[in-house]
Amino acid sequence: MDRAIKIYIDSNVLIHYCTNVLDVVEALNYVFKKRKKDKLFTSSLAIAQTIATLQKNMNGRKAYSKEKTISLVKPLMDKITVLDLTCSDIQKAMEKDNKDVEDSIQYIISKKMKCDAIITRNTKDFPFIDVYVIKPERRLISISIK
């Protein structure tokens with residue numbers, strides 16, 4: 001019997017899901033149908049980044065209210081296991097040979113649950129060889145996680 005791969009979802013994907021970027025919405029909806037909460041992960045850092053981004057004016061979009069932000073983020077938290085960020089995670093990430101410390105933090109957190117894949121819009125930010133990096137496009141997602 002094949003084990004279902006464990007998937008980590010990067011903050012940029014969560015942000016684009018909440019702001020209705022069509023390819024991301026379609027891809028994550030597919031993932032939510034294929035994987036239960038015990039196989040889907042993100043971090044408390046990614047949730048906080050999503051909230052912070054939704055609550056500020058960005059790219060011509062007005063900041064979302066507290067109520068709208070909660071209405072978008074809470075359902076995500078019901079579908080994804082949120083892993084806590086620790087000081088140790090930050091320290092380990094700083095030791096990684098990667099120019100982007102924040103992405104290294106996301107990677108370190110993903111490894112806590114031995115995630116097999118990371119869904120991100122910025123694949124170049126995850127140069128680690130022990131994880132499969134997937135762009136959030138329905139076609140790529142469906143090929144990768146059947």
Side-chain angles (χ1 to χ4, degrees), residues 3-94 96 98-128 131-146:
R3 77 170 177 92
I5 65 170
K6 293 179 181 178
I7 300 170
Y8 184 87
I9 303 171
D10 193 16
S11 53
N12 58 47
V13 175
L14 298 176
I15 291 163
H16 287 124
Y17 184 82
C18 290
T19 56
N20 288 316
V21 174
L22 185 60
D23 60 337
V24 175
V25 171
E26 289 178 351
L28 272 193
N29 284 340
Y30 179 82
V31 170
F32 294 149
K33 279 194 247 177
K34 293 290 186 179
R35 294 288 181 275
K36 300 227 183 289
K37 185 175 180 171
D38 67 335
K39 300 293 182 193
L40 292 175
F41 302 92
T42 197
S43 65
S44 54
L45 171 62
I47 295 294
Q49 289 174 319
T50 300
I51 290 167
T53 300
L54 295 176
Q55 290 199 289
K56 66 180 167 184
N57 296 329
M58 298 263 326
N59 303 325
R61 175 188 57 78
K62 286 185 146 190
Y64 290 173
S65 68
K66 176 184 176 183
E67 294 76 18
K68 170 109 175 156
T69 300
I70 291 170
S71 76
L72 293 169
V73 173
K74 185 157 179 9
L76 283 175
M77 293 174 64
D78 293 338
K79 296 175 184 176
I80 305 170
T81 301
V82 179
L83 305 172
D84 287 332
L85 167 65
T86 67
C87 185
S88 173
D89 298 330
I90 295 168
Q91 291 169 333
K92 288 177 188 173
M94 286 193 234
K96 286 287 179 198
N98 186 21
K99 65 181 179 181
D100 191 319
V101 177
E102 184 270 331
D103 285 321
S104 292
I105 293 169
Q106 301 287 6
Y107 166 78
I108 293 294
I109 295 170
S110 79
K111 297 319 287 179
K112 285 181 177 183
M113 292 306 295
K114 298 181 171 87
C115 290
D116 305 290
I118 295 175
I119 300 174
T120 182
R121 297 208 37 128
N122 301 319
T123 58
K124 68 182 179 345
D125 293 340
F126 293 91
F128 311 103
V131 67
Y132 186 53
V133 182
I134 308 168
K135 280 188 155 262
E137 298 165 5
R138 174 72 192 275
R139 181 182 55 79
L140 293 175
I141 295 287
S142 63
I143 290 168
S144 303
I145 70 162
K146 283 187 177 179

Pick from Leu54, Asn59, Leu14: which one makes a side chain to side chain contact (heavy atoms under 4.5 Å, CB included) with Thr19?
Leu54

Checking Tyr107 against Asn98 for the side-chain hydrogen bond (donor to acceptor under 3.5 Å, both in side chains) test, could you report, in this order, the C-alpha distance in whole Å, the side-chain angles of both residues, the deciding distance, and whether it holds?
CA-CA 11 Å; Tyr107 166 78; Asn98 186 21; over 6 Å; no

Stepwise, does the side-chain contact (heavy atoms from CB on, under 4.5 Å) test hold for Leu76 with Cys18?
CA-CA 9 Å; Leu76 283 175; Cys18 290; 3.5 Å; yes

Is there a side-chain contact between Gln106 and Ser11, using heavy atoms and a 4.5 Å cut-off?
yes

Check: Asn12 and Asn122 side chains under 4.5 Å, non-hydrogen atoms
yes

Does the Asp103 side chain pair with the main chain of Phe126, one donor and one acceptor, at a distance under 3.5 Å?
no

If you measure from CD1 on Ile7 to CG on Leu40, what distance do you get to the nearest 0.5 Å?
5.5 Å

Does Lys68 make a cation-pi contact with Tyr64 (under 6.0 Å, within 45 degrees of the axis)?
yes

Distance, nearest 0.5 Å, that separates NZ of Lys39 from CE of Met113
8.0 Å

Do Leu83 and Thr42 pass the side-chain contact (heavy atoms from CB on, under 4.5 Å) test, and can you show the C-alpha distance, the side-chain angles, and the key distance before you say yes or no?
CA-CA 6 Å; Leu83 305 172; Thr42 197; over 6 Å; no

Verify, without hydrogens or angle tests, whether Arg35 (side chain) and Ile5 (backbone) share a donor-acceptor contact under 3.5 angstrom.
yes

Please check: side-chain N/O of Asp23 versus main-chain N/O of Glu137, any donor-acceptor pairing under 3.5 Å?
no

Rounded to the nearest 0.5 Å, how far apart are NE2 of His16 and CG of Leu28?
11.5 Å

So which heavy atom on Asn57 is nearest to which on Ala63, and how close?
OD1-N, 2.7 Å

Would you indicate whether the side-chain heavy atoms of Ile9 and Tyr17 approach each other to under 4.5 Å?
no

For the SG atom of Cys115 and the OH atom of Tyr132, what is their distance to the nearest 0.5 Å?
15.5 Å

Is the side chain of Lys36 donor-acceptor paired with the backbone N or O of Ile80 at a distance under 3.5 Å, no angle test?
no

Please walk me through it: do Thr120 and Tyr8 pass side-chain hydrogen bond (donor to acceptor under 3.5 Å, both in side chains)?
CA-CA 9 Å; Thr120 182; Tyr8 184 87; over 6 Å; no

After noting the C-alpha distance and the side-chain angles of Lys111 and Lys92, does the key distance pass the side-chain contact (heavy atoms from CB on, under 4.5 Å) rule?
CA-CA 11 Å; Lys111 297 319 287 179; Lys92 288 177 188 173; over 6 Å; no

So, the side chain of Lys112 versus the backbone of Asp84: is there a donor-acceptor pair under 3.5 Å, distance only?
yes

Can any side-chain N or O of Asp89 pair as donor or acceptor with the backbone N or O of Thr86 at less than 3.5 Å?
yes

Over all atoms of both residues, closest heavy-atom pair of Ser104 and Lys96
OG-CB, 3.8 Å

Flag the pair Asp10 / Ile119 as yes when at least one side-chain heavy-atom distance between them is below 4.5 Å, and no otherwise.
no

So do Cys87 and Gln91 actually touch side chain to side chain, heavy atoms under 4.5 Å?
yes

Test side-chain contact (heavy atoms from CB on, under 4.5 Å) on Gln55 and Lys66; report intermediate values, then the result.
CA-CA 7 Å; Gln55 290 199 289; Lys66 176 184 176 183; 3.9 Å; yes

State, yes or no, whether a side-chain contact exists between Glu26 and Tyr30 at a heavy-atom distance under 4.5 Å.
no

Do Ile134 and Ile118 come within less than 4.5 Å of each other through their side chains, counting heavy atoms only?
no

I'd like to know if the side chain of Asp116 reaches the main chain of Lys6, judged simply by a donor and an acceptor atom lying under 3.5 Å from each other, with no hydrogens or angles considered.
yes

Give a yes or no answer on whether the side chain of Lys79 reaches the backbone of Lys37 with a donor-acceptor pair at less than 3.5 Å.
no

Using a 3.5 Å distance criterion without hydrogens, assess whether the side chain of Ser44 forms a donor-acceptor pair with backbone atoms of Leu85.
yes

